[in-house]
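The structure appears right after this line, and notes come after that.
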Amino acid sequence: MRADSGKVTQIFREMADLLAIKGENPFRVRAYEKAADVLEHLSGDLQDLHNEGKLEKIPGLGKGMCEKISTLLNTGRLPAYEELKKEIPAGVRELLLIPEVGPKTAKLLYEEAKVKSIEDLEKCVKSHKLQHLPGMGTKTEENILRGIRFYRTSRARILLGKALPLVEEVIGELKEKASSWIERISPAGSLRRGRETIGDIDILVSSSSSHPLMEAFTSLSCVREVLAKGETKSSILTHQGLQMDLRVVSPDSFGAALQYFTGSKAHNISLRERAIRRGLKINEYGVFTQDGEEIGGRDEEEVYACLDLPFIPPELREDRGEVDAAREGRLPQLIREEEIKGDLHLHTRASDGSASIEELMEKAQEKRYQYLAITEHSVSLKVGGGLSEEALLAEVKEIRQMNSHFEDFRVLTGTEVDIKKDGTLDYSDEVLRELDIVVAALHTGFKQDREIITTKVIKAMQNPFVRVLAHPTGRLLGERDPYAIDLDKVLEVAKEKDIWLEINAQPERLDLTDIWIREAKRRGVKMVIATDAHNIKGLDLISFGVITARRGWLESADVINTLSLKDLLKVLFKKRS
DNA sequence: GCCGTTTTCGGCCCGACTGTTTTCAGTCG
């Protein structure tokens, strides 16, 4: 049977939930969750790692977990898991998806009221059959019903690209309503870490008086419902069903609180364990000695410094080795948006965009870029207004004429050429030869199997004119899964043929993902951060690509479009000569 | 179940908010 780390991950997560419902040792539960996290973010092949005996070296996977993984890989089954499933029906685990219902409540509901599904739960609450249970009052009933509604309407995470504008709006409104009470204000949580999707939004404020802020927050125009309101924390539900929390702390604690609420949870646990080993304690108010003396907390830098660590950028705080790297002075100098010198994947109204070349150029110069590449779709992509060979060559001629008018800026000619089903390209080599940059992309056959897709993409990468592989997995967050492609092989060929992999900055793509970006870097594969913009504002999406690249530990040297125009032209034409 | 800058045993992050338990358990992040 073929290795499938996805299946192992899912089984470990389910086991963690089932053990928690059984009331097992919480640390044992955590061990399963931790193991699932580790496996989920593995870039190598699980079967290979297992064969090479490298699994036990991965922090979080001990002897017990490795044995279970081995059993699963060899037999496709896991007796311990099957036992657990027999004990607790699947519907009981489903109850955990409802806010307010945790493992203890699920156990109580199942054992005392025979609740085996969310539907059961809803019926029981509505007919007040649970009121005899300990801890179940009218309020709890209301909360559970609200939780069920929330689960059904809005449990999907929203895109970073949607959450960021929303949080900016909210911060603006808070400043309008209560500016004199705000000392410092910042988003925290997964939004600040730049995760591709956001579950809920955290905002942190430092202030000497929390009351007026809580008033302002719970009366924002976006509030549908106030879920909680206290001295230090309030929670609201917005009209679009998104939960937003506001935390208020004193100015002396802002750094500690920002560190704490930015997470991730796993990163914080790692930091706190380090603190304990040094006889210190970290909480959201500061760093404290055993005698309770505060030794830091006003700024995040201070918190890390108390642990003898340099500042760790939020994008790295996922407990994927960043604390060790910080300790050993191996943190990367993460790429910054100002280092981007141009955009290498753009569409104009000649294909399916809405801007002209001149308009894109104007915007690019506003952004202090030195170049951009016009990369329309190719013949076969009818829905994308693909250009015929003649139309493409006419555009090339037009661009060359434009370029003759300026010295320190350049519009590069290019194409986003379709990879056809046999792995050949949608334009002849004679046409591709005329272009400055050829970006190859897959737009059809997403349902084909791994072997077929991988083979055609790799064949396309052998074409001597191809420089970039666009959106390498084709995923659309919340809409379409990545197609089955063996990225491991793609990276191998990319390294060998010096093909650059795109980090597509469209918020619903963000493709490559952070995990694979880091793996590509590890193997010495270069990348391009590009917006795939179809209109003028689209060029601003570059920031989402940069955040994702930072999450993949990239430095400017890993990214081709940090090169100056002169250096870019050198590498572009080196391959052909 | 994992793990070791006092440890191969005995710990394992920490606090706010809520509801209903008159002193705290459950959930969440």
Side-chain angles (χ1 to χ4, degrees), chain A residues 12 15-16 19-21 23-38 55-69 80 95-109 130-131 133-144 146-147 150 188-193 198-204 210 214 226-235 243-249 253 256-257 259-288 307-308 319 324 327:
Chain A
F12 281 2
M15 288 181 78
L19 290 167
I21 293 170
E24 280 281 345
N25 177 355
F27 299 106
R28 195 171 159 223
V29 173
R30 204 178 102 188
Y32 279 92
E33 284 168 353
K34 171 87 183 171
D37 285 344
V38 166
L55 274 184
E56 284 203 44
K57 295 201 180 70
I58 300 175
L61 300 181
K63 194 157 163 270
M65 293 298 178
C66 289
E67 271 168 19
K68 290 189 173 65
I69 293 169
L95 299 176
L96 300 183
L97 296 171
I98 296 171
E100 312 281 337
V101 179
K104 295 286 197 300
T105 310
K107 180 185 166 83
L108 181 77
L109 290 168
L130 301 176
Q131 287 199 337
L133 297 178
M136 285 285 171
T138 333
K139 276 284 197 182
T140 307
E141 282 185 341
E142 280 172 26
N143 285 341
I144 288 178
R146 183 172 61 204
F150 183 80
S190 52
L191 182 100
R192 181 159 179 255
R193 300 201 309 280
I198 309 296
D200 53 27
I201 292 179
D202 298 297
I203 300 173
L204 181 72
S210 88
M214 292 309 186
V226 177
L227 300 174
K229 190 174 173 186
E231 266 302 291
T232 67
K233 176 191 167 181
S234 292
S235 295
Q243 185 175 329
M244 210 181 285
D245 298 344
L246 183 77
R247 316 272 179 161
V248 179
V249 298
S253 299
Q259 194 292 313
Y260 176 72
F261 290 117
T262 296
S264 65
K265 192 174 168 180
H267 172 84
N268 286 357
I269 289 175
S270 173
L271 275 194
R272 283 162 189 232
E273 283 168 352
R274 183 173 169 86
I276 290 170
R277 285 198 298 273
R278 304 173 153 245
L280 299 172
K281 184 176 84 163
I282 306 181
N283 58 27
E284 58 262 58
Y285 301 107
V287 184
F288 300 87
L307 300 176
D308 288 326
D319 193 28
D324 283 342
R327 194 184 64 216

Tell me which nucleotide among B:dG29, B:dG15, B:dC28 gets nearest to the side chain of A:P99.
B:dC28

For A:R272 and B:dC13, is the shortest distance between a side-chain N/O and OP1 or OP2 below 4.0 Å?
no

If you round to the nearest 0.5 Å, how far is CG of A:L108 from CD1 of A:I21?
12.0 Å

OP1 or OP2 of B:dC13 sitting under 4.0 Å from any side-chain N/O of A:R30?
yes

Any A:N283 side-chain nitrogen or oxygen under 4.0 Å from OP1 or OP2 of B:dG15:
yes

Whole angstroms only, please: what is the CG-C1' distance between A:D245 and B:dT18?
14 Å

Proximal nucleotide (of B:dG29, B:dC14, B:dC17) relative to the A:E231 side chain
B:dC17

Could you measure the distance from the CZ atom of A:R146 to the CD1 atom of A:I144? Nearest 0.5 Å is fine.
11.0 Å

Does B:dT8 have a Watson-Crick or wobble mate here (both distances under 3.5 Å), and if so which one?
none

Taking the side chain of A:A228 as heavy atoms from C-beta outward, which of B:dC14, B:dC17, B:dG29 is closest to it?
B:dC17

Expressed in angstrom and rounded to an integer, what is the separation of A:K265 atom NZ from B:dC28 atom P?
10 Å

What nucleic acid atoms does A:L271 come within less than 4.0 Å of, heavy atoms only: base, sugar-phosphate, or nothing?
nothing

For A:T262, which contact category applies under a 4.0 Å heavy-atom criterion: base, sugar-phosphate, or nothing?
nothing

Strictly below 4.0 Å: does A:T140 bring a side-chain N or O up to OP1 or OP2 of B:dT20?
yes

What is the distance from CD of A:Q243 to C1' of B:dT18, rounded to the nearest Å?
14 Å

In whole angstrom, give the distance that lies between atom CD1 of A:I269 and atom P of B:dC14.
10 Å

Quick one: label A:K34 by what it contacts on the DNA or RNA (base, sugar-phosphate, nothing), any heavy atom closer than 4.0 Å.
nothing

Results of ring pair (Phe, Tyr, Trp, His ring centres under 6.0 Å) for A:Y260 - residues two or more places apart only:
none

Name the closest nucleotide to the A:K104 side chain, picking from B:dA16, B:dG26, B:dC14.
B:dG26

Residue whose nearest DNA chain B nucleotide is more 5′ - A:V101 or A:I276
A:I276

What's the CG-P distance between A:L246 and B:dC17, to the nearest Å?
12 Å

Residues A:A35 and A:L61: closest non-hydrogen pair is CB-CD2, 3.7 Å

Nearest 0.5 angstrom please: A:E56 CD to A:E67 CD, how far?
8.0 Å

Heavy-atom closest pair, residues A:K68 and A:A80
CE-CB, 4.4 Å

Side-chain N or O of A:Y285 less than 4.0 angstrom from OP1 or OP2 on B:dA16?
yes

Under 3.5 Å, which protein N or O atoms sit close to an N or O of nucleotides 3-11 of chain B? Give each pair with its distance.
from: B:dC3; atom 1: OP1; to: A:G60; atom 2: N; distance (Å): 2.5

Residues at least two apart in sequence or cross-chain that pass side-chain hydrogen bond (donor to acceptor under 3.5 Å, both in side chains) with A:N283, listed by chain then number, are none

Distance check: side-chain N/O of A:K281 vs OP1/OP2 of B:dG15, anything under 4.0 Å?
yes

I want to verify a distance call: between B:dC13, B:dG1, B:dG29, whose nearest atom is closest to the A:A31 side chain?
B:dG1

Select one nucleotide: of B:dG15, B:dG29, B:dT20, the one nearest the side-chain heavy atoms of A:K139.
B:dT20

Output the rounded distance in Å from CG (A:L307) to C1' (B:dC13).
13 Å

What does A:T105 touch in the nucleic acid at a heavy-atom separation under 4.0 angstrom: a base, only the sugar-phosphate, or nothing?
sugar-phosphate

Keeping the roles fixed (side chain from A:R274, backbone from A:L307), state whether a donor-acceptor pair exists under 3.5 Å.
yes

Has A:S234 got a side-chain atom pairing as donor or acceptor with A:L246's backbone, closer than 3.5 angstrom?
no

Would you say A:T232 reaches B:dG15's phosphate, i.e. side-chain N/O to OP1/OP2 under 4.0 Å?
no

Measuring only the C1' atom in each nucleotide, how far is B:dC12 from B:dT7? A whole number of Å is fine.
13 Å

Does A:K68 make a side-chain N or O approach to OP1 or OP2 of B:dG1 shorter than 4.0 Å?
yes

Of A:E284 and A:E100, the one whose closest nucleotide on DNA chain B sits nearer the 5' end is A:E284

Where the chi angle of B:dT22 falls, syn if within 90° of 0 and anti if not
anti

How long is the line joining CD1 of A:I144 and P of B:dT18, in whole Å?
17 Å

Whole angstrom value for the distance that separates P of B:dG1 from CD of A:E67:
10 Å

Looking only at heavy atoms, which two atoms of A:M136 and A:L109 are closest? And how far apart?
CE-CD2, 4.1 Å

